[in-house]
Amino acid sequence: VQLQASGGGLVQPGGSLRLSCAASGFNLDDYGIAWFRQAPGKEREAVACIKCRGGGADYADPLKGRVTVSRDNVKNNVYLQIHSMTPEDTAVYFCAAGPPNYFTDSAGLRPDRYGYWGQGTLVTVSS
């Protein structure tokens, strides 16, 4: 079971970026998939997840309205689209897989729910 996040890079403030999470060895659609990020000197924080709240998506409150999580079951990928980026979005972004959450609580945004983690991809927002 392997996960690999990709798509990071340098983005100008106000720009957008789409990150990809590719899986090998398992079917992503069988899992809840979450995105987390960790900025330099800060703790890891949740960004978004899919199949993780009532079987659908959930978003961390500070990022609601700026991020969208989606999946392509044919390509076995999950995507994270981020809009209106600011330097505060600079971080290493990770994707993780765990059991789906069909309850309507916010447990899907908890990192301890996820047992499989990919290597992160660095996103830098700077002019």
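What's counted below: heavy atoms across the whole structure, side chains too, no hydrogens, waters or symmetry copies. All values reported here derive from a predicted model rather than from experimental measurement.
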For [X] and [Y], work out which heavy atoms get closest and say how close.
{"X": "Asn101", "Y": "Gly108", "result": "ND2-N, 3.9 Å"}
{"X": "Ala5", "Y": "Trp35", "result": "CB-CZ3, 4.0 Å"}
{"X": "Gly8", "Y": "Val123", "result": "CA-CG2, 3.9 Å"}
{"X": "Ser127", "Y": "Pro13", "result": "N-CD, 3.7 Å"}
{"X": "Ala60", "Y": "Ala46", "result": "CB-O, 3.3 Å"}

Quick one: pull up [atom1] in [X] and [atom2] in [Y] and give me the separation to the nearest 0.5 Å.
{"X": "Lys42", "Y": "Arg37", "atom1": "NZ", "atom2": "CZ", "result": "8.0 Å"}
{"X": "Ile33", "Y": "Leu3", "atom1": "CD1", "atom2": "CG", "result": "6.0 Å"}
{"X": "Thr121", "Y": "Leu80", "atom1": "OG1", "atom2": "CG", "result": "11.0 Å"}
{"X": "Tyr31", "Y": "Tyr116", "atom1": "OH", "atom2": "OH", "result": "5.0 Å"}
{"X": "Arg18", "Y": "Ser6", "atom1": "CZ", "atom2": "OG", "result": "9.0 Å"}
{"X": "Cys21", "Y": "Gln4", "atom1": "SG", "atom2": "CD", "result": "8.5 Å"}

Could you tell me whether Phe103 atom CZ has more than 12 heavy atoms of other residues or ligands within 6.0 Å of it?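 For Phe103, atom CZ is not crowded (no more than 12 foreign heavy atoms under 6.0 Å).
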When you measure from the side chain of [X] to the backbone of [Y], do you find a donor-acceptor pair of N or O atoms at a distance under 3.5 Å?
{"X": "Arg113", "Y": "Ala97", "result": "no"}
{"X": "Ser20", "Y": "Tyr79", "result": "no"}
{"X": "Asn27", "Y": "Asp30", "result": "no"}
{"X": "Asn76", "Y": "Leu28", "result": "yes"}
{"X": "Arg66", "Y": "His83", "result": "yes"}
{"X": "Arg44", "Y": "Gln38", "result": "no"}

Same cluster or not: [X] versus [Y], using hydrophobic residues (I, L, V, M, F, W, Y) connected whenever any side-chain heavy atoms lie under 4.5 Å apart?
{"X": "Trp117", "Y": "Val92", "value": "yes"}
{"X": "Phe94", "Y": "Met85", "value": "no"}
{"X": "Leu109", "Y": "Tyr114", "value": "no"}
{"X": "Ile50", "Y": "Phe26", "value": "yes"}

Starting from the C-alpha separation in whole Å, work towards a yes-or-no answer on salt bridge (Lys or Arg N to Asp or Glu O under 4.0 Å) for Asp29 and Arg71. CA-CA 8 Å; Asp29 194 35; Arg71 71 196 315 148; 3.6 Å; yes
Option passing side-chain contact (heavy atoms from CB on, under 4.5 Å) with Asp89 (candidates Leu63, Leu17, Val11):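 Of the listed options, the one satisfying the test is Leu63.
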Given side chains that start at C-beta, do those of Ser70 and Val78 come closer than 4.5 Å, heavy atoms only?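 Sidechains of Val78 and Ser70: no contact.
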Would Ser126 and Leu10 count as a side-chain contact (heavy atoms from CB on, under 4.5 Å) if you check the C-alpha gap in whole Å, the side-chain angles of each, and the deciding distance to 0.1 Å? CA-CA 7 Å; Ser126 175; Leu10 179 63; 4.1 Å; yes
Phe36 ring center within less than 6.0 Å of Tyr93 ring center: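 Between Phe36 and Tyr93, which both carry aromatic rings, the centre distance is not below 6.0 Å.
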